[in-house]
Amino acid sequence: MGKNYIDIENDQGDTLRYRKHANGRGLIAHGAKVHASAVVEAGAYVEPGAQIAAGAHVGRGAWIEKDVVIGPEADIAAHAHIGPRASIGARAKIGVRTYVGEHAYVAVGSLIGDDETIGDGERIATDKRGLRLAA
């Protein structure tokens, strides 16, 4: 029987242990919490302290950094990067190759397109078409 985890050394020389998520085979770090009904596709990484709620989807090659919170039924597209301590609201959609900065907040139901950058600490709310709403 093979092992169901992988050890990876980070840039600081620390070894982090990841397990493969049953739904999608993405890598989940020790200390991260991913609901059983969430999908984390192969090639995606979820770092320690991150929380991914029921029904959420994390696409192939996406990177969810430490202490991120992803709400129920949120959709993180392939190769998106969610920075440390960012929050993604329920049913929000984050586009392909989009970067969400540290401590940023994307409101419930927001639609962020492909190749966008949400700055550190920025708070974003959009309508269903992706048009930004006044803060």
Side-chain angles (χ1 to χ4, degrees):
M1 185 163 143
K3 63 182 182 178
N4 61 357
Y5 65 88
I6 184 171
D7 291 328
I8 299 175
E9 187 175 323
N10 67 14
D11 293 338
Q12 291 74 37
D14 301 321
T15 300
L16 297 175
R17 180 161 285 181
Y18 295 83
R19 64 178 165 76
K20 291 182 180 176
H21 188 54
N23 257 353
R25 309 300 288 165
L27 295 175
I28 312 299
H30 179 72
K33 293 181 180 176
V34 179
H35 193 274
S37 69
V39 174
V40 180
E41 291 187 23
Y45 286 85
V46 178
E47 301 297 346
Q51 298 176 42
I52 300 178
H57 175 261
V58 177
R60 182 176 301 275
W63 181 17
I64 309 302
E65 290 206 53
K66 66 181 183 170
D67 301 323
V68 166
V69 175
I70 296 177
E73 299 177 26
D75 186 13
I76 311 300
H79 306 290
H81 179 178
I82 311 300
R85 292 170 290 285
S87 296
I88 309 299
R91 296 178 314 284
K93 296 187 183 314
I94 306 297
V96 177
R97 293 177 306 277
T98 290
Y99 173 73
V100 177
E102 185 171 1
H103 287 288
Y105 172 76
V106 177
V108 171
S110 291
L111 175 62
I112 308 300
D114 297 344
D115 298 307
E116 290 197 38
T117 298
I118 307 299
D120 293 349
E122 197 170 346
R123 299 178 63 81
I124 299 293
T126 74
D127 65 12
K128 292 181 180 182
R129 296 172 295 167
L131 299 174
R132 295 199 181 184
L133 301 173

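Note that the coordinates shown come from a computational prediction; the quantities given were computed from them, not determined experimentally. Positions are given from 1, in the same order as the sequence printed here. Computed over heavy atoms, backbone and side chain alike; hydrogens, waters and symmetry mates excluded.
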How many angstroms lie between atom [atom1] of [X] and atom [atom2] of [Y], to the nearest 0.5 angstrom?
| X | Y | atom1 | atom2 | value |
| --- | --- | --- | --- | --- |
| Ile94 | Ile88 | CD1 | CD1 | 4.0 Å |
| Thr126 | Arg132 | OG1 | CZ | 8.5 Å |
| Lys93 | Lys128 | NZ | NZ | 11.0 Å |
| Thr15 | Ile6 | OG1 | CD1 | 11.5 Å |
| Glu122 | Glu102 | CD | CD | 14.0 Å |

If every non-hydrogen atom of [X] is compared with every non-hydrogen atom of [Y], which pair is closest and at what distance?
| X | Y | value |
| --- | --- | --- |
| Ala107 | Ala92 | O-CB, 3.8 Å |
| Ile64 | Ala50 | CG2-CB, 4.1 Å |
| Ala80 | Gly95 | CB-O, 3.8 Å |
| Gly119 | Ala104 | O-CB, 3.7 Å |
| Ala86 | Val100 | CB-CG1, 4.1 Å |
| Ala44 | Gly59 | CB-O, 3.5 Å |

Does [X] use its side chain to pair, donor to acceptor, with the backbone of [Y] at less than 3.5 Å?
| X | Y | result |
| --- | --- | --- |
| His35 | Pro72 | no |
| Thr98 | Glu116 | yes |
| Asp120 | Gly101 | no |

Candidate pair His57 and Ile76, rule side-chain contact (heavy atoms from CB on, under 4.5 Å), full reasoning: CA-CA 6 Å; His57 175 261; Ile76 311 300; over 6 Å; no
When you group the ILVMFWY residues by side-chain heavy-atom contacts below 4.5 Å and let the links chain together, are [Y] and [X] in the same group?
| X | Y | answer |
| --- | --- | --- |
| Ile70 | Ile124 | yes |
| Tyr18 | Trp63 | yes |
| Val68 | Ile118 | yes |

Lys33 and Ile52, any side-chain heavy atoms less than 4.5 Å apart: no
Of all pairs that satisfy salt bridge (charged side-chain N to carboxylate O under 4.0 Å, His left out), the ones with a partner from residues 59-78, not counting sequence neighbours: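 Those involving residues 59-78 are Asp67-Arg85.
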Pairs flagged by ring-ring contact (aromatic ring centres under 6.0 Å, His included) wherever residues 88-120 is involved - sequence neighbours left out: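 Listed once each, the pairs are His81-Tyr99.
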Neighbour count above 12 (heavy atom, 6.0 Å) for Arg19 CZ: yes
